[in-house]
K.L.:
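Dropping a structure here in structure tokens format, bear with me for questions.
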Amino acid sequence: MRRPYLFATVASLALTALPFAAHAQFAPAGAGGPPSASIPGAGKADEPARDAPPDPSYFAGPSAYAPQAPGVNAANLPDMDSIDASALPAMVPQQSASPAREDWATYGHDDNQTRYSPLDQITPENVSQLEVAFTYHTGSYPRPGQANKWAAETTPIKVGDGLYMCSAQNDIIKLDPTTGKQIWRRDLNVKYESIPYTAACKGVTYFTSSQVPEGEPCHNRIIEGTLDMRLVEVDAATGEFCPTFGHGGQVNLMQGLGESVPGFVAMTVPPMVVNGVVVVNHEVLDGQRRWAPSGVVRGYDVESGKFVWAWDVKRPDDHSQPTGNNHYSRGTPNSWAALTGDNALGLVYVPTGNSAGDYFSGYRSPEENAVSTSIVALDVKTGSPRWVYQTTRKDVWDYDMGSQVTMMDMPTPDGQTVPAIIVPTKRGQTFVLDRRTGKSILPVEERPAPAGNVPGDTRAPTQPWSVGMPALRMPELQEKDMWGMSPLDQLYCRIKFRSAHYVGEFTPPSLDKPWIMYPGNNGGSDWGSMAYDPETGILIANWNASPMYAQLITRRKADSLKLMPIDAVHYKPGAGASAEGNGPMEGTPYAITIAPFWDPFTRMLCHKPPYGMITAIDMKHGQKVLWQHPLGTARANGPWGLPTGLPWEIGTPNNGGAVITKGGLVFIGAATDNLIRAIDERTGKVLWSHVLPGGGQANPMTYEANGRQYVAIMAGGHHFMMTPISDQMVVFALPKGTN
Amino acid sequence: MVNSSWNVMFRHFHNATFVEWLVLLLGLVITLVGVAFVIGGVDLAMLGGSFYYALCGLLLAAGGILMILGRTMGAFLYLGALAYTWVWSLWEVGFSPIDLLPRAFGPTLLGVLVALSIPVLRRQEVRFSSKGAV
């Protein structure tokens with residue numbers, strides 16, 4: 001009889017201790033002493049000069065002028081020369097301008113990035129017969145001894161006789177679209193060390209040259225940006241490097257970025273070609289330091305790889321490459337989302353994030369504050385912004401723009417249409433802008449926002465709310481929204497909720513106690529973007545409601561937690577800092593501790609589901625919600641990460657967007673239940689689902705070959721979402737002979 | 001007889017049946033949950049949150065201790081706490097199953113066990129009150 005007693009006692013004592021743990025996870029008020037004497041203020045918005053004394057801290061990063069570490073220029077490529085935009089040859093019309101009916105010609109299907117396909121072989125009536133046509137293994141997944149940083153997020157493209165895709169580590173692959181047989185594979189040897197937050201390759205770009213005649217190698221090319229910052233062009237027919245592009249088919253994108261280490265900056269989105277200029281943007285690892293490498297956006301000659309322009313936020317009038325040891329302005333807002341090109345207006349729409357040192361804005365310059373967390377329309381010949389639309393002012397919530405914008409013709413009350421873009425945000429506020437002017441077509445209200453909690457770091461007095469579109473968000477949190485398996489974990493979460501600052505969406509960062517960010521940096525719309533059916537006018541958006549729990553901590557406390565930037569001399573992988581986790585924010589007075597607002601014991605989010613939703617909006621008739629329901633079942637989710645096997649659509653966190661087909665179907669994976677499903681576009685009813693070999697955190701696509709319609713999804717999984725990692729792309733079709 | 005009152009209090013431990021040990025264990029669990037409720041609930045109330053946990057915790061702790069002592073009253077106190085839990089839950093979130101799950105599901109399961117323990121506790125009380133009268 002003694003053993004059950006012992007067990008019960010230990011278990012009960014552990015439960016008793018839970019409420020205390022709610023406080024212990026984050027620093028108690030005043031931990032680490034009072035805020036340091038260096039109160040932030042004016043004069044700190046510029047990076048340290050070349051001759052500034054080095055930071056003596058053990059935890060600091062090196063000077064921005066320090067030489068680049070070995071491996072940063074991954075292929076040891078020589079520098080590229082510049083070319084004047086006026087010397088660029090005219091671009092021939094691309095496949096993506098008007099894709100063949102059976103193709104998926106670019107990341108978002110077509111130049112408008114609609115994620116809509118005119119294929120209609122698969123219909124609500126026959127979708128239940130879908131079966132696996134073939135699978136393809138990319139070979140990229142964590143090997144023994146490697147931390148799981150994988151989330152392939154790949155969407156193949158299909159042009160003519162090829163299905164083109166990339167592995168999570170950037171190998172470029174051409175498959176036979178009917179059998180999945182590999183036609184060629186270009187290994188790029190991207191090293192594990194070059195993986196930033198995530199090993200992702202969202203896709204590749206198909207380009208037809210005006211300079212190389214048809215029938216010769218590299219007339220049609222596949223373009224890719226890599227995790228280790230190379231811009232690569234290969235021949236679409238053979239996979240051989242294009243010799244006339246860059247140096248043997250490659251351009252070093254680290255040129256001009258100054259000091260860095262592998263894994264600090266990376267390209268994960270397909271490059272965007274607009275009017276003969278290939279535009280590249282890159283992610284910069286969050287939370288490392290104020291003077292992280294630049295978020296510069298650059299344009300290159302898509303034919304030769306020569307440099308055309310740079311958009312360096314703090315050098316608005318200088319679009320040239322830095323010379324010598326100089327570098328693009330450090331710490332500027334970076335852009336990691338897929339770009340959208342507008343050949344007619346000569347613009348590229350750049351979704352931006354916030355400046356480095358994400359959760360402290362005291363050291364940002366006015367130039368940065370003007371363009372962060374915005375859509376910036378860059379003139380693709382000059383690199384100058386033609387207009388800027390800001391969705392969050394002076395962002396300290398990491399509401400960086402993750403979605404690719406979608407171009408569409410917005411109907412007006414007088415029966416005309418306006419060339420527009422749909423701008424999803426992590427806030428769940430969706431803006432619809434006139435893409436000629438950047439002015440909102442629908443009403444937007446400036447609403448007052450709370451003042452700041454941190455000395456010297458003031459908050460914007462108002463924030464924009466797109467009241468003309470349905471908000472993709474939940475009501476603000478209340479104590480009674482706390483959830484759990486039992487009253488004990490609910491009590492724990494109630495204490496955690498009441499222990500934090502929370503006054504709604506724009507609750508400012510705080511030092512004295514944690515604050516809740518909701519929707520937070522995993523909320524609203526993310527890189528999956530939206531799908532728009534231009535025929536029916538139906539917009540499909542999947543979105544998240546998953547708050548974050550964060551606290552600013554003093555430098556002393558950060559040092560005691562051993563938080564140091566990835567490029568610090570003493571940095572060791574896996575110690576202290578991680579992107580989307582605790583970050584040193586070196587060069588600012590404070591560091592950040594941040595985690596999902598969850599019960600770390602059961603690993604369940606603290607608030608009640610749904611955590612993920614899918615919404616259909618009728619854009620042609622007053623932006624009304626046609627249907628909306630939770631996305632994702634409980635089958636693979638539960639406490640301690642255990643699968644419950646329950647089929648209920650509770651609504652799970654989701655990443656990866658939707659596809660709409662003319663057949664009247666919406667295909668989407670995204671949720672953490674590892675299912676791909678087909679949903680009736682008109683009613684929202686789930687008509688079919690299939691269990692994938694890994695998490696379906698990628699945008700699916702559809703194409704036709706030999707008269708048969710296929711639906712493809714990369715079941716790569718996602719490390720942060722804790723779904724199973726796999727290297728398999730799964731392709732579905734109706735059984736042969738059905739049609 | 002210095003220890004006589006102590007002996008009287010725990011005399012039901014002697015020659016206890018298996019089922020009686022289980023009831024004892026149930027009482028212990030309820031006591032510890034009650035203590036957790038009181039500690040966390042006071043914390044929550046001081047932070048401006050709900051008073052339910054602190055109040056319910058007192059009922060649970062008292063009920064659990066009485067069950068350990070072999071008193072039927074302990075079981076009834078638990079059932080009282082359960083009734084309070086249901087009333088409070090319905091007041092806070094209404095008839096929403098997903099909201100009632102964390103609040104009432106576990107306590108109701110425990111409540112079934114507590115209800116089953118009432119005859120056991122009764123038997124114990126009768127046995128020892130008759131012995132005590134000797």
Side-chain angles (χ1 to χ4, degrees), chain A residues 1-24 478-502 513-514 599 602 604-611 630 634 639 644 646 648-651, chain B residues 13 16-22 24-54 56-57 60-61 64 68 81-82 84-85 88-89 91-94 96-110:
Chain A
M1 280 301 108
R2 286 178 66 188
R3 197 177 289 168
Y5 262 116
L6 192 68
F7 175 77
T9 309
V10 170
S12 307
L13 285 175
L15 290 174
T16 312
L18 265 178
F20 300 108
H23 295 297
Q478 292 178 276
E479 185 196 318
K480 68 175 187 178
D481 296 329
M482 298 306 108
W483 207 55
M485 290 179 298
S486 73
L488 283 172
D489 43 343
Q490 191 185 39
L491 173 57
Y492 169 88
C493 285
R494 283 178 184 251
I495 294 170
K496 202 166 165 173
F497 176 77
R498 287 283 181 181
S499 303
H501 285 293
Y502 180 64
K513 54 182 181 176
D599 176 344
T602 61
M604 284 165 65
L605 285 171
C606 260
H607 70 306
K608 66 174 180 176
Y611 308 126
T644 63
L646 299 174
W648 301 320
E649 293 266 359
I650 56 163
Chain B
F13 279 70
T17 65
F18 179 70
V19 173
E20 285 167 356
W21 280 110
L22 287 183
L24 209 68
L25 185 66
L26 185 61
L28 187 70
V29 168
I30 289 168
T31 306
L32 288 170
V33 170
V35 169
F37 263 46
V38 170
I39 295 169
V42 167
D43 196 358
L44 180 62
M46 306 254 283
L47 289 164
S50 170
F51 280 78
Y52 157 79
Y53 295 90
C56 190
L60 290 174
I68 292 172
L82 181 60
Y84 172 40
T85 298
W88 166 78
S89 300
W91 166 79
E92 196 177 45
V93 296
S96 160
I98 202 151
D99 290 295
L100 290 174
L101 178 71
R103 289 169 175 81
F105 181 67
T108 304
L109 279 188
L110 268 187

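In this text the structure is predicted, and so the values were computed from the model without any measurement. Residue numbers begin at 1 in each chain, while the letters A, B, ... track the order of the sequences.
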K.L.:
Who pairs with Y84(B) by ring pair (Phe, Tyr, Trp, His ring centres under 6.0 Å), at least two apart in sequence or on another chain?
P.N.:
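Y84(B) satisfies ring pair (Phe, Tyr, Trp, His ring centres under 6.0 Å) with Y52(B) only.
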
K.L.:
Which bit of F105(B) comes within less than 4.5 Å of chain A, counting heavy atoms only: side chain, backbone, both or neither?
P.N.:
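Neither part, no heavy atoms under 4.5 Å.
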
K.L.:
With chain A, which of A104(B), C56(B), G48(B) has the greatest number of heavy-atom pairs at distances under 4.5 Å?
P.N.:
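Max contact count across the listed options: G48(B).
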
K.L.:
Does E479(A) reach the main-chain N or O of R498(A) with its side chain, forming a donor-acceptor pair under 3.5 Å?
P.N.:
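The answer is no, because no donor-acceptor pair under 3.5 Å joins these two groups.
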
K.L.:
Is it the backbone or the side chain of S50(B) that comes under 4.5 Å from a heavy atom of chain A, or both, or neither?
P.N.:
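Backbone plus side chain of S50(B), per the 4.5 Å heavy-atom cut-off to chain A.
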
K.L.:
Heavy-atom distances under 4.5 Å only: say whether K608(A) touches chain B with side chain, backbone, both or neither.
P.N.:
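For K608(A), the side chain is the part near chain B, not the backbone.
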
K.L.:
In Å and rounded to the nearest 0.5 Å, what is the CG to CE distance from D599(A) to M482(A)?
P.N.:
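Interatomic distance, D599(A) CG to M482(A) CE, rounded to 0.5 Å: 12.0 Å.
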
K.L.:
Taking only residues two or more places apart in sequence or in another chain, which ones pass salt bridge (Lys or Arg N to Asp or Glu O under 4.0 Å) with R103(B)?
P.N.:
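Once residues adjacent in sequence are excluded, the partners of R103(B) under the salt bridge (Lys or Arg N to Asp or Glu O under 4.0 Å) criterion are E92(B).
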
